[in-house]
Amino acid sequence: MSKEKIQTVCFWLLDINYEMLGDTPEIRLWGISDKNERIVVLDRSFRPYFYAILDKNSKVEEVKERILKNELVRRHIIAIEFLQKKFFGQPVKVLKITCREPPAIPKIRDEVKLIKGIEDVLEADIRFYMRYMIDNEIFPCSWHEVNARELSNDKGWQVDKVFLALSPPKLKIDKKKLPSLSVYAFDIECYNVHGEPLAERDPIIIISRVYNGSDKVILTARDKNDKELLNNFVKDIKRLDPDIIVGYNSNRFDWPYLIERSKRVRVKLEVSRSNSTPAQSVYGHFSIVGRANVDLYDFAEEIYEVKVKTLENVADYLGVFSKDERTKIEKSRIYQYWDEKEKREILLKYSLEDAESTYGIAEKILPFAIQLASIVGLPLDQIGSASVGYRVEWYLMRQAFKYGELIPNRIEKAYETYKGAIVLEPKPGIHENIAVLDFSSMYPNIMIKMNISPDTYVPPGTEVERSEVNVAPEVGHRFRKEPPGLYKKVLERLLDARSQIRREMKNLKPNSLQYKLLNERQRALKIIANATYGYCGWTGARWYKREVAEATTAWGRKLIRETIALARKLGLEVIYGDTDSLFIHYEKNKIEQFIQLVEKELGFDIKIDKIYKRVFFTEAKKRYCGLMEDGRIDVVGLEAVRGDWSELAKEVQEKVIEIVLKNAEPNNAVKYVRKVINELKNQKIPLEKLIIWKTLSKKIEEYEVDIAHVRVAKMLMKLGYKVSKGEKIGYIICKGGGEKLSEKVKPYILVKNYNEVDTNYYINKQIIPAAMRVLKYFGITEQQLIKGEKQTSILEFFGGS
DNA sequence: AGGGGCTTCAGTTCG
DNA sequence: TGCGAACTGAAGCCCCTC
């Protein structure tokens, strides 16, 4: 029974997929209506297509005939349409070939590609639902309006209403408020008596979940039987019907594990809104139809301040769940807590805290993820797992469609290096009252101003009037001034949208919901704009052109050089600079004059980013620290902010920096370092602070040299732990072993006794270098740090001890 | 054999 | 599965001296 009434439905798009309905593809738009109903809008009007570029001399009708002569192709084709398009800015003749069903596209493309008169096929590798969204300008996490007829929900989908679209939905650009979204955060614990849990062998014992913040439940297995647990999990999700499901590392661990367990114990993991099970999809994520399955780990990876990205560390950093308040259980002993009745309560608490942390992280991250998805145009469940390059690319593809530009194929090109930015030699030591000035969005603005783009590039040999092109310094690449290129149009759009939002924000209260929403949006816009330069120099990019990246950095170098020259002209001393920033002695009037001069002479905006009361440079580039007016300290590049130094060394350096910058009393720093060395000798420093973390950045077999963390990884593997590429390995340097450092390492989890620790290593290779990095500029010697407080008599100095 | 000096490998950060 | 510039420690190698 179908209800005939035609209505206008307004909905926020949460998820999209398609299914074949006989030989008709049906697009399904899952969303939330403005009446807060969960709905699905079906569109059966769209068909897949791709383009075939015609050779210069080929005749349209002849090529068409040749295409239709192919039996297989003819059976699948609905229409062939001749069109004029642009490819890299040049007019091209193409055939738009529309087919019946998406799965047939790869076959048809391969056949058509071989036909005489056809140079290449384009846009045949765009997934069907993405094609649909691009062509109809439909955006995830955005509001749309559609004329539709309500259908009966005869497939039993978990929605309030089912609609059939009478025409594609239209984006409602002015409606920005978010619908009320329900969020389900979960975490699983597995029985791990054999070490690393294996889904083929070890049951899931606990699933904890937090729904919309306050609703918390711990589901448990019956001893080691998880069939009922899995059934309860499915029931729980179905009952609550969340819009968004979040986990931490859930795409790599929880979902594959849940899927395998369900298969083993014969439970249907029907957690979607269409009664289907989670399926692995693009970028390795698991898709749950009708909902958004978001793995927060993907976003945590982008928080570079957190070096070891465990759930606890990320929750702690985001202020969601303090590390000190967490229930602590050694991962490898989880099974013991399960088996021993009196300990089980602790494990349940621990597990729920994981779910609570996950929920808390979701609250911090989802607002940004939602804005990113709505700008880039990738569905919410994919945006996190898509790399920076792909995010930029999807945005570009959307824009290219709007401008009638064909989307280039993805072709892996040979890697070529090119020159990057300039970094100035710093003047070592302490400087007082320093302003840091920087160009805002320097590369995007250069690309806009010079119209740098693959489609405006003029290759050598092409004759063009000098007045019609911008010529890059040093490298000589030429770019047409007109018409505006793809990068220019895209970047202008991003930067304009961002300024507009920032203007709107000025009229809002900073703690209002709307303000926060807009703030996340402007952040997302900035990130995409700033990533565009990196994208254009990436050999995997569809719009890769080395000359584009090379010209951009060349103009960047010229700009910063000319800016330095202007500063000197005004008598300002430049202390340091990196890429788009300059450190200059702060003289209010002169700096204001300078900012105006740069704007007038060079046509770029430069602004004061911060003012340091005091700043300290070593002779190394990219390494300094500074004290701001409000007492905060910035540490840049030094050991204290690096993830591959022990916490002990980092703390020492941090403190030394503080003493030196705030009190300018290096002798106090010396006393402090001596104190720490003594504490270490007396085994007073917690072992955790001695752990050194390094990323296993390749497969173990691929390493050419014997190196500490690889050796540790091998030890862990012998103990039954799974160690994979990309993982952080934590180890402690111990006594004994051989001469080489790599022969003295132990996985930190195995170090129980302080007597094992090679304290000399931590003194000589961690504490002292970290402290000396700063202190040597104040005439302090290593000896002063090592020797006890009372001595340094000449006698002892020569006599040795 | 052992140490100095240099290069290479590897990891990490800056902008 | 965004870029190049830059730094640093440890391993590995060559060469010299003994």
Among [options], the one nearest [X] by side-chain distance:
X: A:R642; options: C:dG9, B:dG11, B:dC14; result: B:dG11
X: A:S697; options: B:dG11, C:dT8, C:dG12; result: B:dG11
X: A:Y418; options: B:dT12, C:dC3, B:dG15; result: C:dC3
X: A:K694; options: B:dA10, B:dT12, C:dG2; result: B:dT12
X: A:V705; options: B:dG15, B:dA10, B:dT12; result: B:dA10
X: A:E704; options: C:dT8, B:dA10, C:dG4; result: B:dA10
X: A:T417; options: B:dA10, C:dA10, C:dG4; result: C:dG4
X: A:T579; options: B:dG15, B:dC14, C:dT8; result: B:dG15

For this session: Could you pick out which residue, A:T539 or A:I422, lies toward the 5' side of DNA chain C when each is mapped onto its nearest nucleotide?
Result: A:T539

Problem set entry | Toward the 5' end of DNA chain C, by each residue's nearest nucleotide, A:E619 or A:T553 | A:T553

Problem set entry | Ring center gap for A:Y535 and A:W543 short of 6.0 angstrom | no

Exercise. Given the side-chain rings of A:Y731 and A:Y748, with only the six-membered ring counted for Trp, is the space between their centroids under 6.0 Å?
Worked result: no

With a cut-off of less than 4.0 Å, is there a side-chain N or O of [X] near OP1 or OP2 of [N]?
X: A:Y443; N: C:dG4; result: no
X: A:Y703; N: B:dG11; result: yes
X: A:S742; N: C:dA11; result: yes
X: A:K621; N: C:dA6; result: yes
X: A:K307; N: B:dT13; result: yes
X: A:Y761; N: C:dA10; result: yes
X: A:T695; N: B:dG11; result: no
X: A:R773; N: C:dG9; result: yes
X: A:K698; N: B:dA10; result: yes

For this session: Decide, yes or no, whether a salt bridge links A:E302 with A:R391 under the criterion of side-chain N to carboxylate O below 4.0 Å.
Result: yes

To the nearest angstrom, how far is [X] atom [atom1] from [N] atom [atom2]?
X: A:Q653; N: C:dC7; atom1: CD; atom2: P; value: 16 Å
X: A:L494; N: C:dG2; atom1: CG; atom2: P; value: 18 Å
X: A:E702; N: B:dC9; atom1: CD; atom2: C1'; value: 14 Å
X: A:I707; N: B:dT12; atom1: CD1; atom2: C1'; value: 12 Å
X: A:L696; N: B:dT12; atom1: CG; atom2: C1'; value: 15 Å
X: A:K765; N: C:dA11; atom1: NZ; atom2: P; value: 10 Å
X: A:L424; N: B:dG15; atom1: CG; atom2: C1'; value: 13 Å
X: A:I729; N: C:dA10; atom1: CD1; atom2: P; value: 18 Å

Exercise. If you measure only the distance, is there a donor-acceptor pair under 3.5 Å linking the side chains of A:N293 and A:W255?
Worked result: yes

Any base atoms under 4.0 Å from [X], or only sugar-phosphate, or nothing? Heavy atoms, all strands.
X: A:G540; answer: nothing
X: A:Y283; answer: nothing
X: A:A620; answer: sugar-phosphate
X: A:V641; answer: sugar-phosphate
X: A:Y624; answer: sugar-phosphate
X: A:G534; answer: base
X: A:K728; answer: sugar-phosphate
X: A:Y415; answer: sugar-phosphate
X: A:A531; answer: nothing

Exercise. Does the side chain of A:K746 come within less than 4.5 Å of A:M715's, by heavy atoms?
Worked result: yes

Problem set entry | Test side-chain contact (heavy atoms from CB on, under 4.5 Å) applied to A:R542 and A:L396, step by step | CA-CA 10 Å; A:R542 289 177 195 261; A:L396 284 169; over 6 Å; no

Exercise. If only atom types and distance count, is the side chain of A:K413 paired as donor or acceptor with the main-chain N or O of A:A541 below 3.5 Å?
Worked result: yes

Exercise. How are the rings of A:Y457 and A:F479 set to each other: parallel, tilted or perpendicular (split at 30° and 60°)?
Worked result: tilted

